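Since the structure comes first, as structure tokens, the remarks are kept for the end.
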Amino acid sequence: ANWTQNNVSVQNVTFMHLSGLNYSVVNSTFYNVTYFKFVTVNFTANHSQWLNSTTKMSVHMNGSTNNVSYFGSNWTTTSFINMTFLNETHEHTIWENGSFINVTFTNFTALNITSKNVWFVNYTGINHTIINSTLINATLINATLINATYVNFMVLKSSFVNATEINMTAWNYTTVDSTWVNFTLINSTLVNATYTNLSIANGTMNSTMFVNLTSSSTKYFNLTMFNVTLLGANMTDHYEKDMLHVNETHNDTMIQNSTF
């Protein structure tokens, strides 16, 4: 309890079966560190970095971080509960078989990260920048993302439930074999997006533009679209039912083998 690491450098160390209450890290660097069955409550980290580190079967609760960066790190079967992350950077990071519950990320930057079999529940993201990254078999429930930028982002076999994207900007956004339920997209721009075998039910798209959208085997149910523009779209095997389109613009668009 009440453990503080200030201005420390830790290398090639393994922490196993530890519990940390009021654990604090400040101005420190961790290199090639492994955490196994590490549980923290009221964990805080400030102006610190983790390099080539691994966390397995761990839980972090009721904590916060500020100006923390991770490079070459790997989280497996690890949960973050009631956490706040500010000014965080991840590069070449893997999240697998874990969960983020009641968390907020503000000013989050991710480069070359992979998230697989991860649950995001009651997730809030503000000012996200995601580059060259992949989301696989992920579940988002009650998620709100504001001012997100995606570049070369791929979503595979994932489910979004009660998800809202506001002011999204995306280049080369790809989603395959995924489902969105109660999905809202507002004031966004997507360039070179690809939707394959995507199902959207009970959603709203408002003041959004798609440039060079490629869509195949998509299904839209009970979706309302206001002020949506499609420029250079190619839609194949597209199905729509119980839809409302208001002030919609199509330019240089091709629709084939589809049902409305």
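Keep in mind that what you see is a predicted model, and the values were worked out from it rather than measured. Worth knowing before you read on, the calculation uses all heavy atoms, side chains too, and leaves out hydrogens, waters and symmetry mates.
By the criterion of side-chain heavy atoms lying less than 4.5 angstrom apart, applied directly or through intervening Ile, Leu, Val, Met, Phe, Trp or Tyr residues, Met209 is grouped together with Val191 in one hydrophobic cluster. Linking ILVMFWY residues whenever their side-chain heavy atoms come closer than 4.5 Å, directly or via other members, leaves Val26 and Val8 in distinct clusters.
Using a 30° and 60° split on the angle between ring planes, His90 and Tyr70 fall in the parallel class, below 30°. Ring geometry, Tyr35 versus Phe15: the interplanar angle falls under 30°, so the pair is classed parallel (tilted spans 30 to 60°). Using cut-offs of 30° and 60° on the angle between ring planes, the pair Phe100 and Phe120 is parallel.
None of Ile200, Leu223, Val161, Leu185 except one satisfies the side chain to side chain contact (heavy atoms under 4.5 Å, CB included) rule with Trp180; the exception is Ile200.
With hydrogens and angles disregarded, a donor-acceptor distance shorter than 3.5 Å links the side chain of Ser48 to the backbone of Asn27.
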Tell me, with the steps shown, if Met168 and Thr149 meet side chain to side chain contact (heavy atoms under 4.5 Å, CB included).
CA-CA 6 Å; Met168 177 221 283; Thr149 299; over 6 Å; no

Under the criterion side chain to side chain contact (heavy atoms under 4.5 Å, CB included), I'd like the reasoning laid out for Trp75 against Phe80: C-alpha separation, chi angles, the key distance, then a yes or no.
CA-CA 11 Å; Trp75 280 279; Phe80 299 87; 3.6 Å; yes

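Proximity of Leu135 to Phe153: side-chain heavy atoms (C-beta onward) are separated by under 4.5 Å at one or more points. Side-chain atoms of Phe108 and Thr89, non-hydrogen and from C-beta on, never get closer than 4.5 Å to each other. Within the 4.5 Å cutoff, no side-chain heavy atoms of Leu111 are placed close to those of Ile113. Residues Trp3 and Leu21 form no side-chain contact, since every pair of their non-hydrogen atoms from C-beta on lies 4.5 Å or further apart.
If you check the side chains of Thr189 and Thr169, you find no donor sitting under 3.5 Å from an acceptor.
Centroid-to-centroid, the aromatic rings of Phe105 and Tyr123 come within less than 6.0 Å.
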